[in-house]
Structure formats: C-alpha cells, structure tokens
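Remarks on the structure that follows.
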Amino acid sequence: IQNVTASNTWENMITAGGNGSVELYYDNTKRFETNSNGTKVFGSAYISDGTIYLEKSGVHHHRILANDTGNDLAFQQSSDSGANSNFTSYLRIKDGGDIALPVDGKQLLIGAGEDLRLYHDGNNSFVNSQGNGHLFIRGDDVKIQDANSGHDMAVFIEDGAVELYY
C-alpha cells in the first residue's frame with residue numbers, strides 16, 4: 001500500500017510479502033517488520049504505561065512492568081505456567097535509581113562463577129564469598145555499626161588500633 005505525497009511522488013506505507021512477511025513504514029522509512037523469527041523494530045519503540053510480556057509456552061511467564069510501585073520498573077515472573085496471572089516482582093529498579101530484590105531468600109549473585117552472594121533470608125542478612133580467593137573489605141578506617149543508631153561496634157584504624165565496643 002502506497003500513498004501520494006504533496007510533491008506527487010509515491011511512498012510505501014505497508015508492504016506485504018509472500019509467506020507472511022509484513023513491513024510498516026513511516027514517511028517512506030521502514031519502522032517495523034515481521035519475519036520468520038518474530039518481529040523487528042527499526043528505530044525506537046515506545047510503550048506508554050504498558051507492560052512487556054516475555055512468554056514461552058509451558059513454562060513460567062515473565063514481564064517488565066512500568067509503574068509497579070510509584071514510578072518503579074519491575075521485572076516479574078509468574079508462579080504458574082498456564083494462567084499467566086500470579087506475578088511476583090523479583091527485581092525492581094526504583095524511581096531515583098536504587099535497585100531492590102524485594103523477595104526474601106533471593107540472592108544477588110556477582111561474578112562469572114556467581115561466587116559473591118548478597119542476600120536476606122527474612123531475618124538475617126548475608127555477604128557470602130564462595131570463591132577460591134579472599135573477601136576483602138577495604139577503607140582507610142573501617143567501621144562496623146549497629147543498624148538502628150549507627151553506634152560503633154568495631155573500628156579498624158589504618159596503621160593503628162582495633163577498637164571493639166559493647
């Protein structure tokens with residue numbers, strides 16, 4: 001399907017090829033096509049207040065959801081393989097840039113061997129180094145503080161003392 005422009009020339013709007021391929025054009029520039037692998041977008045794709053679904057038949061479904069809580073971006077997975085209705089957010093990029101793993105017991109796995117793990121089990125928090133090397137904590141002065149008031153529990157002073165508090 002073509003249209004005539006103001007300068008009396010023809011430009012493509014929709015091209016439908018044999019075996020099912022379709023191309024969509026904007027101002028005679030291809031912006032979208034179907035092919036044997038699915039679809040392809042040329043340029044940018046914008047989804048306004050929407051959800052992107054990533055599905056594979058017979059397995060858990062995934063989706064990327066804008067405005068999950070406030071202006072957050074959530075990566076979710078369904079707990080069922082058929083109804084596609086019971087989604088849980090396992091990763092959230094919060095408005096302002098913080099990253100949250102909002103489900104207890106899930107781990108942030110770091111490294112090619114996933115040997116540095118950060119997680120919270122619902123009651124306790126863990127930094128777990130499971131690799132062959134050492135876990136280094138570096139700083140000019142290193143402090144371990146309580147969670148509520150920020151009082152020092154241990155202070156390690158560079159080239160100096162170690163202070164323990166109770």
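Residues: numbered from 1 along the sequence shown.
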Over all heavy atoms of both residues, which pair between [X] and [Y] is shortest? Give the atoms and the distance, please.
X: D152; Y: V155; value: OD2-CG2, 3.5 Å
X: E114; Y: L109; value: OE1-CD1, 3.4 Å
X: H120; Y: S125; value: ND1-OG, 3.0 Å
X: D141; Y: I157; value: OD1-CA, 3.4 Å
X: S129; Y: L135; value: CB-CB, 3.9 Å
X: D140; Y: E158; value: O-CB, 2.8 Å

Quick one: do E33 and K40 make a salt bridge, cutoff under 4.0 Å?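 No, this pair does not count.
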Without swapping roles, check the side chain of S78 against the backbone of H61 for a donor-acceptor pair under 3.5 Å.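 Between the backbone of H61 and the side chain of S78 there is a qualifying donor-acceptor contact (under 3.5 Å).
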Could you tell me if Q2 and N12 have a donor-acceptor pair between their side chains, going purely by distance under 3.5 Å?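 Yes, Q2 and N12 have a side-chain donor paired with an acceptor closer than 3.5 Å.
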Between S89 and Q76, does a side-chain hydrogen bond (donor to acceptor under 3.5 Å, both in side chains) hold up when you go through it step by step? CA-CA 4 Å; S89 293; Q76 300 179 331; 2.9 Å; yes
Under 4.5 Å between side-chain heavy atoms, counting indirect links through other Ile/Leu/Val/Met/Phe/Trp/Tyr residues: same cluster for I52 and F32 or not?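 I52 and F32: separate clusters.
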Give the cluster check for V22 versus I1: same hydrophobic cluster or not, with ILVMFWY residues linked at side-chain heavy-atom distances below 4.5 Å.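 As far as the 4.5 Å side-chain criterion goes, I1 and V22 are connected within one cluster.
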Test side-chain contact (heavy atoms from CB on, under 4.5 Å) on L108 and I99; report intermediate values, then the result. CA-CA 11 Å; L108 176 60; I99 297 174; over 6 Å; no
Are there over 12 heavy-atom neighbours, none belonging to [X], within less than 6.0 Å of that residue's [atom1]?
X: I137; atom1: CD1; value: no
X: Y26; atom1: OH; value: no
X: N132; atom1: CG; value: no
X: K106; atom1: NZ; value: no

Would R138 count as a cation-pi partner of F136, with NZ or CZ less than 6.0 Å from the six-membered ring centre and within 45° of the ring normal?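 Positive - R138 is close enough to the ring of F136 and near enough to its axis.
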Would you call the rings of Y53 and F87 parallel, tilted or perpendicular, taking 30° and 60° as the class edges?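 Perpendicular, since the angle between the ring planes exceeds 60°.
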Report yes if the side chains of T9 and V4 come closer than 4.5 Å at any heavy-atom pair, otherwise no.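 With C-beta onward as the side chain, the pair stays apart.
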Kindly indicate whether the side chain of I64, heavy atoms from C-beta on, has any atom under 4.5 Å from the side chain of T51.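 Not touching, per the 4.5 Å side-chain cut-off.
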